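One-based numbering along the sequence shown. Note that ligands are numbered from 1 as they come in the structure, with each ligand's atoms numbered from 1 the same way. Everything numeric in this text was worked out from a predicted model, so none of it was measured.
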Amino acid sequence: MIRFRKDGTSSKRAAALACLLWAGATWAQGYPAKPITLVVPFAAGGPTDVVARILAGSMTRTLGQTVVVENKVGAGGTIAAAYTARATPDGYTFLIHHNGMATAPALYRKLSYRPLADFEYVSQVIDVPMTLVGRKDMPARDFRELMAYVKANGDKTNLAHAGLGAVSHLCGALLRQAMGASMTTVPYQGTGPAMNALLAGQVDLLCDQTTSTTPYIKAGSVKLYGVTTSTRLKTLPDTPTLAEQGLNGFHLVVWHGIYAPKGTPREAIDKFGAALRAALKDPAVAQRLAELGAVIPSDDKLTPAGLQSWLQEETKRYEPVIKAAGQFAD
Ligand code: ASP
């Protein structure tokens with residue numbers, strides 16, 4: 001019920017006014033006035049989480065407020081994206097996501113958010129190649145032997161991934177198609193836990209970003225079968241590409257973007273974006289990302305327009321491919 005006061009203002013309107021005044025006061029103190037949440041759609045320890053935490057450290061110093069990484073896992077990243085789309089657009093919630101933002105509309109028939117309409121775009125972040133790795137005691141010594149092994153063992157071969165809509169799933173699907181072989185796929189809530197399963201010998205194969213696999217490759221705790229880019233990587237110069245080893249034209253790079261709920265104030269988008277760009281230019285951050293095989297995109301991509309147009313392009317590119325495959329997640 002709405003009660004009217006003597007001055008004619010309803011108590012509901014007064015409450016709304018108080019809210020506005022409070023919000024105004026917070027903004028008057030200068031943005032950001034409290035910690036900022038950076039939502040990660042996958043489990044801790046995976047590549048998206050690793051990158052978010054590297055960036056959050058540097059961005060916290062620039063912004064003077066903590067950037068808190070929050071893992072909201074499940075459904076190939078769509079739970080985190082839906083959460084961000086519905087969050088209060090006050091400049092205190094952002095999302096880091098990858099190619100999954102472009103594949104979800106075709107993969108999920110009942111998606112509760114629209115990647116091209118329900119967000120503000122902050123910036124692209126980094127591009128990361130993937131590697132195909134196997135458990136240490138896989139009998140196949142190289143990719144050619146692996147192809148023969150998978151063909152002989154078929155569904156007995158397990159490939160771990162981070163759910164439908166995750167790039168590890170996409171990579172696995174492309175691989176199975178290119179190899180003309182079937183495998184059993186095992187979903188996890190991120191490739192962090194998928195990697196733990198691989199290290200424990202519970203699954204056979206995993207396709208994952210170098211930002212996660214590089215330390216395990218260097219330590220020799222996994223078997224490396226190839227990189228997913230069309231040319232070899234500077235960080236793994238002796239490792240052949242999958243294309244070189246018989247999968248003609250195979251090329252998959254993971255791109256990342258930062259999003260905010262639609263209606264987030266421009267000042268917040270600009271400040272968060274500026275802190276991101278400063279982090280990517282921070283020599284310690286840039287060196288760490290380079291060691292992990294990540295590539296920082298050109299300056300024109302590190303902008304709201306750079307992310308928005310790329311997302312539009314990628315959504316258009318994936319839609320017919322996914323529809324033709326007739327594979328839906330729901
Ligand atoms: N690399 C994962 C993916 O396959 C996600 C993650 O755990 O960061 O999408």
Give yes if a backbone or side-chain nitrogen or oxygen of Ala43 is under 3.5 Å from a nitrogen or oxygen of ligand 1, and no if not. no
Centroid-to-centroid, Phe94 to Tyr259, below 6.0 Å? no
Check each atom of ligand 1 against the heavy atoms of Phe42 and keep those under 4.0 Å away; list them by number with element. 5 (C), 6 (C), 7 (O), 8 (O), 9 (O)
Which of the ligand 1 atoms, numbered from 1, are nearer than 4.0 Å to a heavy atom of Ala162: 3 (C), 4 (O)
In terms of residue, atom name and distance, what is the protein heavy atom nearest to atom 9 (O) of ligand 1? His98 NE2, 2.6 Å
If the cut-off is 4.0 Å to any non-hydrogen atom of Gly190, which atoms of ligand 1 fall inside it? 7 (O)
Are Leu205 and Leu164 connected, step by step, through hydrophobic side chains (Ile, Leu, Val, Met, Phe, Trp, Tyr) whose heavy atoms are closer than 4.5 Å? yes
Should Asp204 and Arg135 count as an ion pair when the cut-off is N to O under 4.0 Å? yes
Charged tip of Lys271 within 45° of Tyr31 ring normal and under 6.0 Å: no
State yes or no: do Val254 and Leu224 share one hydrophobic cluster built from I, L, V, M, F, W and Y residues joined by side-chain heavy-atom distances below 4.5 Å, directly or via other members? no
With heavy atoms of Gln209 as the reference, note each atom of ligand 1 found under 4.0 Å away. 1 (N), 2 (C)
Single-linkage hydrophobic cluster, 4.5 Å side-chain cutoff, Leu175 and Val222 together: no
I'd like to know whether the aromatic ring centres of Phe42 and His98 sit less than 6.0 Å apart in this structure. yes
Ligand 1 atoms nearer than 4.0 angstrom to some heavy atom of Asp208 are 1 (N)
Have a look at Leu206, Thr191, Val254 and point out the one with the heavy atom closest to atom 2 (C) of ligand 1. Thr191
Identify, by atom number and element, the atoms of ligand 1 in contact range of Thr48, meaning under 4.0 Å from any of its heavy atoms. 5 (C), 6 (C), 8 (O)
Does Pro47 have a non-hydrogen atom less than 4.0 Å from ligand 1? yes
Would you mind checking which non-hydrogen protein atom is closest to atom 4 (O) of ligand 1, with the distance to 0.1 Å? Ser168 OG, 2.5 Å
Are any side-chain N or O atoms of Thr66 and backbone N or O atoms of Pro35, one a donor and one an acceptor, separated by less than 3.5 Å? no
